Trainee: 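I'd like to ask you about the structure that follows.
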Amino acid sequence: MPAVDEVEGERRTLLGLCYRMLGTVADAEDAVQETYLRWLRLPDAERAAIRNPGAWLTRVAGRICLDMLGSARARRESYVGEWLPEPVPGDSPLATSAPVDPIDRVTLDDSVSMALLVVLDALTPAERVSFVLHDVFGVPFAEIAETVGRSPDAVRQLASQARRRVRDQRARAASRTEHDAVARAFAAAATHGDLDALVAVLDPDVVLRSDGGGRVSAARRPVLGADRVARFVLGLPRLEPDARLEPVQTPDGIAFLARIAGKVDSLFSLRVQDGRIADVYVMRNPDKLTQWG
């Protein structure tokens, strides 16, 4: 269809936008699909009058994501256990930063990490949409104001609040070299069943969160503290003795994919801070492991 063909090239950018907004691939794909449907529903004359289709699609996608974020918060009240964003491989197009580089954008790495998605998820829907549209995709505040139903000054403030939280997370993040070294030490200690070595690489206040989505077994509440997290991790092989860990690359650095009989079972992502692991994210929900084969 000509009406779709002329804007099909925007799909990858829109998917990256909506993934940052919503935190899961399925929701991002739904939002992009709805964006294209709204484009198709425009009268031919109105569509032809749009000078910048990409900008129009971006604004519409932002509005759709804002609405979806509001309903998602209500849905999570009935979500079984912890909800985590969906991790994607390090080479996924979804994780690649947008090519836009406004002068006052926040300093981001080349990709969006699990740790960053967790920070974004803690923002209000309006903060998240304002920040992603402006700081990552370079949409002017005046246009974002129309999307979120606030004044340009209010949107500027929302983006500023979000930017401070993102910068704080970035400032405390480990380098890729440090992250990967600590991650390998974590895997070695876990593989050898060495409790003392595992506790040593964990921050005393480490938090482990596990997302099973009600589909598979997972810790319903966060596991707190180095000793408890270490014992939880070391107890997993007894539950799944046939599981095999393999290192994989994510936007955060090395993570560990667990397979049972060749089938993907879970993904362990880590956030390293001050030379130790501050957060362990265990994704077990099959709906959020589709990018891992």
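Treat the numbers as computed from the prediction; the structure is a model and nothing was measured. Because only heavy atoms are used, hydrogens play no part in the values below, and waters and symmetry mates are left out as well, while side chains stay in.
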Trainee: Output yes when a side-chain donor or acceptor of Ser71 lies under 3.5 Å from a complementary backbone atom of Met68, and no otherwise.
Mentor: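 Checked: pair present.
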Trainee: Going through the distances and angles, do Asp153 and Phe141 end up as a side-chain contact (heavy atoms from CB on, under 4.5 Å)?
Mentor: CA-CA 8 Å; Asp153 285 344; Phe141 286 126; over 6 Å; no
Trainee: With clusters built from Ile, Leu, Val, Met, Phe, Trp and Tyr whose side-chain heavy atoms come within less than 4.5 Å, directly or transitively, what are the remaining members of the cluster of Val118, listed by chain and number?
Mentor: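 In the cluster with Val118 are Leu84, Met114, Val248, Leu257, Val264, Leu267, Tyr281, Met283, Leu289, Trp292.
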Trainee: Within the side chain of Ser78, is there an N or O that forms a donor-acceptor pair under 3.5 Å with the backbone of Arg75?
Mentor: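 Yes; at least one donor-acceptor contact below 3.5 Å.
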Trainee: At what distance, to the nearest 0.5 angstrom, does CG of Leu245 lie from CZ of Phe256?
Mentor: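 The distance works out to 7.5 Å.
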Trainee: Strictly distance-based, threshold 3.5 Å: is any side-chain N or O of Glu86 a donor or acceptor partner for the main-chain N or O of Gly23?
Mentor: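 No.
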Trainee: If hydrophobic clusters are built from ILVMFWY residues whose side chains come within less than 4.5 Å, do Leu208 and Val216 share one?
Mentor: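 Leu208 does not cluster with Val216.
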Trainee: Return yes if some donor-acceptor pair links the side-chain N/O of Ser160 with the main-chain N/O of Arg156 below 3.5 Å, else return no.
Mentor: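 A pair under 3.5 Å: no.
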Trainee: Measure the CD1-CZ distance between Ile277 and Phe268 for me, rounded to the nearest 0.5 Å.
Mentor: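 Result: 11.5 Å between the selected atoms.
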Trainee: Are Val119 and Leu22 in one and the same hydrophobic cluster, where Ile, Leu, Val, Met, Phe, Trp and Tyr link if side-chain heavy atoms are under 4.5 Å apart?
Mentor: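 Same hydrophobic cluster.
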Trainee: Say whether, by atom type as modelled, one donor and one acceptor occur between the side chain of Glu34 and the main chain of Ala31 under 3.5 angstrom.
Mentor: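 No.
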Trainee: Would you say Leu158 ends up clustered with Leu69 if hydrophobic residues are merged whenever their side chains have heavy atoms under 4.5 Å apart, either directly or through other cluster members?
Mentor: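 In one cluster with Leu69: Leu158, no.
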Trainee: Please give me the minimum heavy-atom distance between Gly213 and Asn285, naming the atom from each residue.
Mentor: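 That would be CA-ND2, 3.6 Å.
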Trainee: Of all heavy-atom pairs between Asp274 and Glu178, which one has the smallest distance, and what is that distance?
Mentor: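 It is C-OE2, 4.1 Å.
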Trainee: Without swapping roles, check the side chain of Ser92 against the backbone of Val88 for a donor-acceptor pair under 3.5 Å.
Mentor: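 No.
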Trainee: Rounded to the nearest 0.5 Å, what's the gap from CD on Gln33 to CG on Leu15? Could you check?
Mentor: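 If we round to the nearest 0.5 Å, Gln33:CD and Leu15:CG are 10.5 Å apart.
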Trainee: Going only through I, L, V, M, F, W and Y residues with side-chain contacts under 4.5 Å, is there a path from Val206 to Val199?
Mentor: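 Per the 4.5 Å side-chain linkage, Val206 and Val199 are co-clustered.
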Trainee: Tell me if a side-chain donor or acceptor on His179 pairs with a main-chain N or O of Gln273 at a distance below 3.5 Å.
Mentor: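 The answer is no, because no donor-acceptor pair under 3.5 Å joins these two groups.
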Trainee: Taking Arg128 first and then Asp121, would you say they form a salt bridge - that is, a charged N and a carboxylate O separated by under 4.0 Å?
Mentor: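 Asp121 and Arg128: salt-bridged.
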Trainee: Just checking, any donor-acceptor pair under 3.5 angstrom between side chains of Gln169 and Arg167?
Mentor: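 Short answer, no.
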Trainee: With no hydrogens and no angle check, is any side-chain donor or acceptor of Tyr19 less than 3.5 Å from a backbone partner on Asp27?
Mentor: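 Here the side-chain-to-backbone pair does not exist.
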Trainee: With sequence neighbours left out, which residue pairs that include part of residues 194-209 fulfil the side chain to side chain donor-acceptor pair (under 3.5 Å) condition?
Mentor: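 Listed by first then second residue: Arg209-Asp279.
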Trainee: For Ala218 and Asp211, work out which heavy atoms get closest and say how close.
Mentor: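 Between these two residues, the closest heavy atoms are CB-C, 4.2 Å.
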Trainee: Taking all heavy atoms of Val223 and all of Val229, pick out the closest pair and write down the distance.
Mentor: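 The pair with the smallest heavy-atom distance is O-CG2, 3.5 Å.
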Trainee: With the threshold set at 4.0 Å, does a side-chain nitrogen-carboxylate oxygen contact exist between Arg163 and Asp135?
Mentor: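 Looking at Asp135 together with Arg163, the answer is yes, because their closest N to O distance falls below 4.0 Å.
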Trainee: Go through the steps for Arg259 and Glu246 under the test salt bridge (charged side-chain N to carboxylate O under 4.0 Å, His left out), then give the verdict.
Mentor: CA-CA 8 Å; Arg259 294 182 186 270; Glu246 63 181 75; 2.8 Å; yes
Trainee: Identify the two heavy atoms, one from Leu234 and one from Gly193, that lie closest to each other, and give their separation to 0.1 Å.
Mentor: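 Here Leu234 and Gly193 meet closest at CD2-CA, 3.7 Å.
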Trainee: Do side-chain atoms of Asp180 reach the backbone of Ile254 as a donor and acceptor pair under 3.5 angstrom?
Mentor: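 Yes.
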Trainee: Can any side-chain N or O of Arg176 pair as donor or acceptor with the backbone N or O of Pro251 at less than 3.5 Å?
Mentor: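 Checked: pair present.
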Trainee: Hey, is Arg63 close enough to Asp67 for a salt bridge, meaning N to O under 4.0 Å?
Mentor: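 So Arg63 pairs with Asp67 through a salt bridge.
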Trainee: What's the spacing between Gln249 CD and Asp252 CG if we round to 0.5 Å?
Mentor: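 Going from CD on Gln249 over to CG on Asp252, the span is 10.5 Å.
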Trainee: Using the side chain to side chain donor-acceptor pair (under 3.5 Å) rule, collect all pairs that involve residues 217-230, keeping only residues at least two apart or in two chains.
Mentor: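 Residue pairs with at least one partner in residues 217-230: Ser217-Arg284, Asp227-Arg231.
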Trainee: Any idea which heavy atoms bring Ala115 and Arg271 closest together, and the distance?
Mentor: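 Looks like CB-CD, 3.8 Å.
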Trainee: With a 4.0 Å cut-off, would you call Arg47 and Asp44 a salt bridge?
Mentor: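 Answer for the salt bridge query: yes.
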Trainee: Any chance you could measure Thr58, atom OG1, to Leu14, atom CG, to the nearest 0.5 Å?
Mentor: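 It comes to 5.5 Å.
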Trainee: Can you hop from Leu42 to Val32 via hydrophobic side chains spaced under 4.5 Å?
Mentor: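 Cluster IDs for Leu42 and Val32 match.
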